[in-house]
Visitor: 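Here's a structure for you.
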Number of protein chains: 2
Amino acid sequence: MSDKFDCLKIENQLCFPLYACSKEIIKRYKPFLDEIDLTYTQYIAMLILWEEKKTTVKELGTRLYLDSGTLTPLLKKLEAKGFIERKRSDKDERNLIVKLTNKGEELKEQAVQIPDKMSCCVKLGKDEARQLYSLLYRVLGLLSE
Amino acid sequence: MSDKFDCLKIENQLCFPLYACSKEIIKRYKPFLDEIDLTYTQYIAMLILWEEKKTTVKELGTRLYLDSGTLTPLLKKLEAKGFIERKRSDKDERNLIVKLTNKGEELKEQAVQIPDKMSCCVKLGKDEARQLYSLLYRVLGLLSE
DNA sequence: TACAATTATATTGTACACAATTTAATTTTA
DNA sequence: TAAAATTAAATTGTGTACAATATAATTGTA
């Protein structure tokens, strides 16, 4: 009943539900993020900035698993929308400082409702969510070893 | 110690490790997929075709959670590489039939080594992998309700 | 201290990903 | 059965992703 190609069946691959789940969840964010004029990637960049107020492209890249090829144009868009400022560090001109503006800070007040709206969307139990959360971070840990 | 903005901390968001994990795992596939001249998305499309031999864009989209805007150019590339054929259905000319070629069938022999190589890369225990797998499919199920 | 190596960001090119729209074929229905 | 609705792909436009390369600043070292 089983052959050497079973491993290639899509239902035997862990990567696929991961990929699909990630995309489908992000899709559910769209209507909420549209209201505050952010894409998903812009949103997670803002999450870091709402915590840190000020950071660098390098630091953002490390935290978000993104490189400058993705971040440079994205941050220019956030700057054009007035949510952040970009300027080179005086100490070390290689570093680009990314800083929240007042408008960016104010956006936090609207964004604060999003996690609640989303958890209504994904009706996973508290325990299951916690379990999923720790498994995912465990994989991320294993990958960065 | 906690305030109303805690929910916006990136470590309190389930979506983020999902997004990051998905991307990081896909990155690990790249060296293996490069050897057989496939991208990750092309690979999962081939997974379906290796199972079904023949399908439609619609069916592929349903199985892979992708739309024609992604699939049309992707399938044209797979056709250009000689792995598949694309032709309209005689029964219903709206449907585009996607069919594995001999070359596409032969590629399966090389691809069969990939899942093993990948599981070496991600050293998650059998139980944990199973747990993660079922949680992810549970979320996908909840999302499609 | 010149110069080689490293580091941080930006740029270029390719490939998704998806919303919105268009086109063409088929089905439903008035 | 002709027009309306639906369906399946394709197209268009915007926004990531990321590898590879380039550029400029800083650091390490012979």
Side-chain angles (χ1 to χ4, degrees), chain A residues 15-16 19-35 37-46 55-81 84 86-98, chain B residues 15-16 18-34 37-46 55-81 84 86-98:
Chain A
C15 64
F16 178 70
Y19 162 81
C21 225
S22 167
K23 282 194 313 162
E24 291 305 299
I25 297 247
I26 289 171
K27 243 182 262 181
R28 295 308 193 287
Y29 272 94
K30 189 174 185 327
F32 306 134
L33 292 177
D34 279 351
E35 288 177 34
D37 190 25
L38 291 179
T39 65
Y40 179 75
T41 318
Q42 289 165 14
Y43 171 67
I44 58 174
M46 291 302 288
T55 184
T56 62
V57 173
K58 171 78 176 154
E59 170 71 7
L60 270 176
T62 305
R63 302 269 309 258
L64 302 177
Y65 297 84
L66 292 171
D67 72 3
S68 67
T70 303
L71 286 173
T72 296
L74 182 143
L75 294 172
K76 284 180 180 173
K77 275 167 212 156
L78 286 178
E79 186 178 42
K81 293 179 192 182
I84 63 163
R86 297 161 68 249
K87 77 181 207 14
R88 293 281 167 180
S89 164
D90 290 332
K91 296 230 171 57
D92 183 340
E93 295 221 347
R94 287 172 305 180
N95 292 294
L96 191 123
I97 307 285
V98 182
Chain B
C15 64
F16 178 70
L18 205 47
Y19 161 82
C21 224
S22 167
K23 282 194 313 162
E24 291 306 299
I25 297 246
I26 289 172
K27 243 182 262 181
R28 296 305 192 288
Y29 271 94
K30 191 176 184 325
F32 306 134
L33 292 176
D34 279 350
D37 190 26
L38 291 180
T39 64
Y40 179 75
T41 317
Q42 289 166 13
Y43 171 67
I44 59 173
M46 292 302 287
T55 184
T56 61
V57 173
K58 171 76 176 158
E59 170 70 7
L60 269 177
T62 305
R63 301 272 307 261
L64 302 178
Y65 297 84
L66 292 171
D67 71 4
S68 67
T70 303
L71 286 172
T72 297
L74 183 143
L75 294 171
K76 284 180 179 172
K77 276 168 212 156
L78 287 178
E79 186 177 41
K81 293 179 191 181
I84 63 163
R86 297 161 68 249
K87 77 180 208 9
R88 293 281 168 180
S89 165
D90 291 333
K91 296 231 171 55
D92 183 340
E93 296 220 345
R94 286 172 305 180
N95 292 295
L96 190 123
I97 307 286
V98 181

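Remember, predicted model here, so these are calculated numbers, not experimental data. Heavy atoms only: backbone and side chains are in, while hydrogens, waters and symmetry mates are out. Per chain, numbering begins at 1; letters A, B, ... match sequence-line order.
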Visitor: So do A:Asn95 and A:Arg88 actually touch side chain to side chain, heavy atoms under 4.5 Å?
Guide: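 When only atoms from C-beta onward are counted, A:Asn95 and A:Arg88 do not touch, as no gap falls below 4.5 Å.
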Visitor: With 3.5 Å as the limit, what N/O pairs link the protein to nucleotides 14-19 of chain C?
Guide:
from	atom 1	to	atom 2	distance (Å)
C:dC16	OP1	B:Thr39	OG1	2.7
C:dC16	OP2	B:Gln42	NE2	2.9
C:dC16	OP2	B:Lys77	NZ	3.4
C:dC16	O3'	B:Thr41	OG1	3.2
C:dA17	OP2	A:Tyr19	OH	2.5
C:dA17	OP2	B:Thr41	OG1	2.8

Visitor: Looking at every non-hydrogen atom in both residues, tell me the closest pair between B:Leu78 and B:Ala45 and how far apart they are.
Guide: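 Heavy atoms of B:Leu78 and B:Ala45 come nearest at CD1-CB, 4.3 Å.
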Visitor: Can you see which heavy atom on A:Lys23 is nearest to which on B:Leu66, and at what distance?
Guide: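 Residues A:Lys23 and B:Leu66, closest heavy atoms: NZ-CD2, 3.0 Å.
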Visitor: Figure out the CD/P separation between A:Glu59 and C:dT9, and round it to whole Å.
Guide: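 Distance, rounded to whole Å: 10 Å.
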Visitor: Take the protein atom CG of B:Asp34 and the nucleotide atom P of D:dC18, then report the distance between them rounded to whole Å.
Guide: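 So the CG-P distance, B:Asp34 to D:dC18, works out to 14 Å.
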Visitor: Going through the checks in order, is the ring pair (Phe, Tyr, Trp, His ring centres under 6.0 Å) test met by A:Tyr19 and B:Tyr65?
Guide: CA-CA 10 Å; A:Tyr19 162 81; B:Tyr65 297 84; 8.8 Å; no
Visitor: Would a 4.5 Å heavy-atom cut-off, applied to side chains only, mark A:Ser22 and A:Ile26 as touching?
Guide: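 SC-SC contact between A:Ser22 and A:Ile26 confirmed.
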Visitor: Let me know the distance between NZ of A:Lys76 and P of C:dT9, rounded to the nearest Å.
Guide: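 Those two atoms, NZ and P, are 13 Å apart.
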Visitor: Taking only residues two or more places apart in sequence or in another chain, which ones pass side chain to side chain contact (heavy atoms under 4.5 Å, CB included) with B:Ile97?
Guide: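 Expected list: B:Lys54, B:Thr56, B:Ser89.
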Visitor: Without decimals, in angstroms, what is the distance between B:Lys91 NZ and C:dT27 C1'?
Guide: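 About 17 Å, once rounded to whole Å.
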Visitor: Whole angstroms only, please: what is the OH-C1' distance between A:Tyr43 and D:dT16?
Guide: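 From A:Tyr43 OH to D:dT16 C1': 18 Å.
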Visitor: Can you check nucleotides 6-8 of chain D for protein contacts, nitrogen or oxygen pairs under 3.5 Å, and list what you find?
Guide:
from	atom 1	to	atom 2	distance (Å)
D:dT7	O2	B:Arg94	NH1	3.3
D:dA8	OP2	B:Lys58	NZ	3.4
D:dA8	O3'	B:Arg94	O	3.2
D:dA8	O3'	B:Asn95	OD1	3.2

Visitor: Taking all atoms of both residues into account, what is the closest heavy-atom pair of A:Leu71 and A:Val57, and its distance?
Guide: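 Of all heavy-atom pairs spanning A:Leu71 and A:Val57, the closest is CD1-O, 3.7 Å.
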Visitor: Heavy-atom distance under 4.5 Å between the side chains of B:Leu75 and B:Ile84, does that happen here?
Guide: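 With C-beta onward as the side chain, the pair touches.
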Visitor: Determine whether any donor atom in the side chain of A:Ser68 lies under 3.5 Å from an acceptor atom in the base of C:dA8, or the reverse, and answer yes or no.
Guide: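 No, the side chain and the base share no sub-3.5 Å donor-acceptor pair.
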Visitor: What is the distance from CZ of A:Arg63 to P of C:dA8, rounded to the nearest Å?
Guide: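 Distance, rounded to whole Å: 17 Å.
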Visitor: Can you check the A:Leu64 CG to D:dT16 P distance for me, whole Å?
Guide: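 In whole Å, D:dT16 P lies 12 Å from A:Leu64 CG.
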Visitor: Indicate yes or no: at least one non-hydrogen side-chain atom of B:Lys81 is less than 4.5 angstrom from one of B:Gln42.
Guide: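 Yes, side chains in contact.
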Visitor: So does B:Lys87 get a side-chain nitrogen or oxygen closer than 4.0 Å to the phosphate oxygens (OP1/OP2) of D:dA9?
Guide: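 Indeed not, no polar side-chain atom of B:Lys87 lies that close.
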